Q: 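Sharing a structure with you now.
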Amino acid sequence: MESMTPPPVRRIAADRRATIAPQPLPTNGSHAQAPPAGPVTRGSSRPERQRVPAIERMRTEQLVLAYGGKPAVKGVSLPVRQGEVLALIGPSGCGKTTLLRSLNRLTELTPTATRDGKIFLDGQDIDELEVTQLRRRISMVFQQPNPFPMSVFDNVAYALREQGKKRPGKRELMPHVEEALRRAGLWDEVSADLSHPALRLSGGQQQRLCIARALAARPEVLLLDEPCSALDPKSTEIIEDLIVRLREEVAVVIVTHNLQQAYRVADHVAFMYLGDLVEYGPTEQVFHAPTQHRTREYVGGAFG
Amino acid sequence: MAAGAPTATGRPLAALARLREPWSDRRAELVLGAVACFVLALIAGMIVFVFSKAWPSFSENGLSWFGDTGNVNQQLDTIQQPGTAEPVYTFGAFDLIWGTVLTTGGAVLFGIVFSTLAAVFLVEFAPESIRRVLTPTVSLLAAVPSVIYGLIGILVLAPFIGKMISQERKESVGGIVSLTGENWLLATFVLAIMIIPIMTAIIAQALRQVPRGWTEGAAALGVNRWRVMWTVSIRTARPAIIAGRRAGHRPRARRGHHARDGVRRLGVRAEPGRRPHVLPRADPPARRDHRLLPRGAREPGDRGDALQHRRRPPRLRHGAVHRRVRRQAADEEVRNPHLMATVPKAPKRTGAVESLSTWRWTDRIALGLCWACGIALCLTAAAILLYMAFRGLQYLRPELLFERPTGAVDQTQSGGILDPILGTMLLTVLGTAIAIPLGVCVALWLVEYGRPAGLARAVESGVEIVAGTPSIVLAIFGLIIFQQSWLGWLSFTAEGGGVFGRSLVNASIMMSFIALPLVVGATREGLNQIPGHVREASYALGKTKAATIRRVLLPAVRPSIATGTALGMGRIAGDTAIVIILLGNTLLIEPQGDTPVLGLLTGTGSTLTSYVYENSPAGEGGAYEKAYAAAFVLLLVVLALNFAVARIVGGGTTSRSTLWNR
């Protein structure tokens, strides 16, 4: 479910609306020549970072998702690459989260949800994979931090304990738990007391714990559904750094309402609107030279 | 409204508000607190009183009270032989305590395992078709009065077990104990069958309330459904399972409802002209999109403006009308041939088929047990309900409902069941009439005031103690108290000054204690579900706390109060012990004296439950046909009440007043 928080850019670009709204109806293709809306003026910085070789891990083909016959995602084809962060952006209710949840078949938990089209993981149709096996390879972090009502240790060890055919002991688990917590940047804060109840951590720590929990099982693809929407800027920064670091080992897909966040962390951006994939491309291109009229309006802050 | 208006009109308006609201905050708090204290005092008084009455027995017998009973026959002999100087009684409750522990312990142990598995089945693994039937059936069975289970036990199961015990075995131990089949195993079994639906309903409710974030979070980590259930859901629901407390239903928290709409829906109306800016957004996003989207934009992947708009119905989220509009739009969208051509047709459902091959062996066994329990519950429920319906229809004739019963031994001569029906109705109505105002006031005080905290805790635990007290103990409480001479006017006083203590009003008062915790619980649950911002919105409009309670909170919790009341009515209608002990259990309604209403109230009578009990082999007679007929009527009454609850609860989730934005 999307949050009701408007993307902050909307407010900043509010004065632009008057110039965009009465624009003459452009004919097909004419908008391509229109000057790009400049996100550079927004003062959000995009740190230079080294490129990592990108390998395609997942692919959706003509993916259609519907709730009770009402389509939420309409024929979307997208690649998901390891070594890159893919950001899904778009206004509320455009199908971003639905698309994300379908990638590890979580939509099937909703009784009315239906799906058509194909999703591939490493060239294999995910319908042919056993669903729990699939979800072990494609893990997910949710919008609201949802640590289980257990200790920090038990939370991180949860997937390792419950996935296998037999239950590993605490000693066996310890190195894995520590590694996951380190990767999520939480180790220094919680290492003193791993038996601390997870629900007593702060919101940012809880979300990082959820990321550590997802990482502990060594997934190949990590899905993030607006992971920072409930967090303060400091925690957001830590998690964004984490996401950028993680993309080398796992394919990362992030749904976000925060355009600046998408600009900061993503290598590729997919803009969705009303269930359609409007534009997909490298971040710089989508934000600075969008080919589609609606993308330009959206990233320019005209609507959301 | 002018900007400077508040300073100019503030005082007169405040005075006006006071005029219209006779309840000042202070007074409301005092009155509600007084009611809560009154209830607490009643409960505490009862406990102290009964302990003081029970003390002689304890002090007389000392620790041997918990000991053995001794040789009963010998004691009876000494009592009956007049020559003996002083009869010696030894009383020991060991056998009684042991019997309680044995039956309860056995039933609970069996019941908790069975009903946990059945609840897991019901919530997670049952196919949709089974779930749709089983869920209401379980809640119906949970409300079936215990006397009906007892009737089935004694008339059906006991002879059945009795037949399984061979004649030689019966004869061989005949001198010591008669093996009729009425044994503790049967009692345990019937008790287990009786508590399983209740526990299943409670556990299923608790499991459903486990936050989705947790179950989805676990599922997203690649953990199979059983392990998600076992490690997250049951773990989270464990307090509720152990406490066995019925957590009231919680309507789904819906997105997109705003506090201001809550206030609007509740009818907190500010005066015209003073309306603050709390109206829903006048400019729905759809219209804005309309303006912003260039007409006929023909981008690749764009499907034209007309469809564009249709596919994006107005995003107003409030109210049935808008929902209907949205649904219509969705229908049109599906029917639109143009759209069908472009958007792939309604896709198929992909099943979350899990292969059990990755499951641990223990999980597979547990899943099998889960299915077994679920199926067994289905079969038991069907057997009980169909058997009662069959027997009821077999023996119930319409004239039975309008004839007064007579005391004949012959079943054909013993008349109808008019008086018991009337008794049930009178008792239920009177009991709830006492319980509702008290319960609502207590709940309001607890949630909205609750100060001092110590007193609130005391009231809370007092109500919980009553909720956990078996009705037969309440009945004995009542009998001891109402036999005090200063309460003689409630029943009747015999020649020598002995107070009878049994009357309709006395029974109603004790019955109200059965309904009270349910009313308090449901109302509290309802009040707790109203988010704080709704109260704040009312205060922000200048309303007092008392006015908020009266105009905002009470209308909003009406469905909750109704739910509690209906549950309470079901409990009262199904109770046997209080009727037999406090209503006098006379076959006919016998008013006391000639005063019309007062006589009826202080008179005695019977209800359907006591009628069933008396006509079963456990009571006086073998008029089992009448017992079945009465039990069937009782079942119908409970069914009707259950249906009412379902309507209130089900309607509550769609009616306007219980949808809150969190």
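Quick note on labels: first sequence line is chain A, next is B, and so on, each numbered from 1. Scope of the values below: all heavy atoms of this structure, side chains included, with no hydrogens, waters or symmetry mates. These numbers come from a predicted model, not from an experiment.
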Q: Please state whether the side chain, the backbone, both or neither of A/Pro219 comes within less than 4.5 Å of a heavy atom of chain B.
A: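 For A/Pro219, there is no contact with chain B at all, as no heavy atom is under 4.5 Å.
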Q: Taking all atoms of both residues into account, what is the closest heavy-atom pair of A/Asn146 and B/Trp214, and its distance?
A: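 Nearest heavy atoms, A/Asn146 then B/Trp214: O-CD1, 3.4 Å.
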Q: Do B/Arg212 and A/Gln144 come within less than 4.5 Å of each other through their side chains, counting heavy atoms only?
A: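 No - every pair of side-chain heavy atoms lies 4.5 Å or more apart.
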Q: Pair A/Glu162, B/Arg360 - check side-chain contact (heavy atoms from CB on, under 4.5 Å), show working.
A: CA-CA 10 Å; A/Glu162 304 303 339; B/Arg360 290 175 206 174; 4.0 Å; yes
Q: Does CH2 in B/Trp230 sit with more than 12 non-hydrogen atoms of other residues, nucleotides or ligands closer than 6.0 Å?
A: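 Result for CH2/B/Trp230: open.
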Q: Measuring heavy-atom distances to chain B, does A/Ile138 have an atom under 4.5 Å in its side chain, in its backbone, in both, or in neither?
A: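 Backbone only.
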Q: Shorter than 4.5 Å, heavy atoms on both sides: which option in B/Thr215, B/Thr362, B/Thr231 has the most such pairs with chain A?
A: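 Going by pairs under 4.5 Å, I would pick B/Thr231.
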Q: Over all heavy atoms of both residues, which pair between B/Ala218 and A/Tyr158 is shortest? Give the atoms and the distance, please.
A: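 Heavy atoms of B/Ala218 and A/Tyr158 come nearest at CB-OH, 3.6 Å.
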Q: What are the two closest heavy atoms between A/Met140 and B/Ala220, and how far apart are they?
A: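 Scanning both residues, the minimum pair turns out to be CB-CB, 3.9 Å.
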Q: So, taking the atom named CZ in A/Phe148 and the one named OG1 in B/Thr236, what distance separates them when rounded to the nearest 0.5 Å?
A: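 One gets 9.0 Å once the value is rounded to the nearest 0.5 Å.
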Q: Might you point out which heavy atoms bring B/Asn224 and A/Thr132 nearest each other, and give the distance in Å?
A: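 Where B/Asn224 meets A/Thr132 most closely, the heavy atoms are CA-CG2, 3.5 Å.
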Q: Looking at A/Pro149, A/Ser139, A/Ala217, A/Gly275, which makes the most heavy-atom pairs under 4.5 Å with chain B?
A: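 With the most close heavy-atom pairs to chain B, the winner is A/Pro149.
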Q: Using a 4.5 Å cut-off on heavy atoms from C-beta on, say whether the side chain of B/Leu221 contacts that of A/Arg136.
A: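 Not in contact.
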Q: Can A/Arg101 and B/Glu216 be said to form a side-chain contact (heavy atoms from CB on, under 4.5 Å), step by step?
A: CA-CA 10 Å; A/Arg101 287 164 61 90; B/Glu216 277 189 354; 2.8 Å; yes
Q: Identify the two heavy atoms, one from A/Leu106 and one from B/Ala219, that lie closest to each other, and give their separation to 0.1 Å.
A: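 That closest heavy-atom pairing would be CD2-CB, 4.2 Å.
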Q: Which bit of A/Arg137 is near chain B, if near means a heavy-atom gap under 4.5 Å: side chain, backbone, both or neither?
A: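 For A/Arg137, neither part sits under 4.5 Å from chain B.
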Q: Once rounded to the nearest 0.5 Å, what's the spacing between atom CZ of B/Arg235 and atom CG of A/Asp154?
A: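 Here the interatomic distance stands at 6.5 Å.
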